[in-house]
Amino acid sequence: MTAIDELLQRAVRLGSQGVPTPPRLRLAIVTCMDSRIDPFQIFGLERGDAHVLRNAGGVVTDDVIRSLILSQRFLGTQEVMLIHHTRCGAHDLPEEEVKAAIQAESGIRPPFSLEAFTDIDADVRQSMERIRQSPFLAHREAVRGFVLDVDDGSLREIR
Ligand SMILES: [Zn+2]
């Protein structure tokens with residue numbers, strides 16, 4: 001049985017239960033895909049409260065900007081909460097080595113950045129700047145960035 005088969009056995013039919021599409025808190029959270037991080041549990045969120053955008057590292061990529069454009073323009077979000085975390089897989093990832101290995105295996109070098117980083121605070125600031133400097137976003141100033149310590153669960157704001 002695959003993992004997906006297991007989920008299909010466990011699946012609950014939730015339906016929207018009348019929850020409106022625009023997030024109630026007018027908030028988008030951008031964070032890492034790390035399976036230890038559950039923004040709903042950490043912040044006591046309920047369905048319908050916020051958009052949660054996730055990728056490896058919680059990095060503000062072009063695709064995150066794409067989602068934020070739609071989130072802000074059509075679904076009314078105005079704040080962005082950015083959360084990177086300690087012991088992230090993208091931390092100290094040897095980007096050039098990984099790209100070279102992929103190229104050796106596939107014959108094609110990934111044309112995009114893997115967004116590996118060495119300094120987590122600088123990485124959060126970089127993602128905040130990408131939002132603040134995006135000409136495509138209506139709400140660029142209400143962005144705050146944090147580092148989540150996955151060991152003790154504390155949040156540290158990056159300024
Ligand atoms: Zn991570």
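Computed from a predicted structure; not experimentally measured. All ligand and atom numbering here is 1-based and tracks the order in the structure.
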Self-check item: Donor + acceptor pair across side chains of Q17, R47 (<3.5 Å)
Solution: yes
Quiz item: Distance only, no hydrogens: is a donor on one side chain within 3.5 Å (strictly under) of an acceptor on the other, for D152 and S154?
Solution: yes
Quiz item: Any chance the rings of F146 and H84 have centres within less than 6.0 Å?
Solution: no
Exercise. Using 2.8 Å as the cut-off, note every protein N, O or S atom close to the Zn ion (ligand 1).
Key: C32 SG, H85 NE2, C88 SG
Practice problem: Take atom CD of E157 as the centre, draw a 6.0 Å sphere, and report whether it contains more than 12 heavy atoms from other residues, nucleotides or ligands. | Solution: yes
Quiz prompt | Pairwise distance CD(Q72) to CG(L70) - rounded to 0.5 angstrom | solution = 10.0 Å
Quiz item: Would H51 and T77 count as having a side-chain donor-acceptor pair, cut-off 3.5 Å?
Solution: no
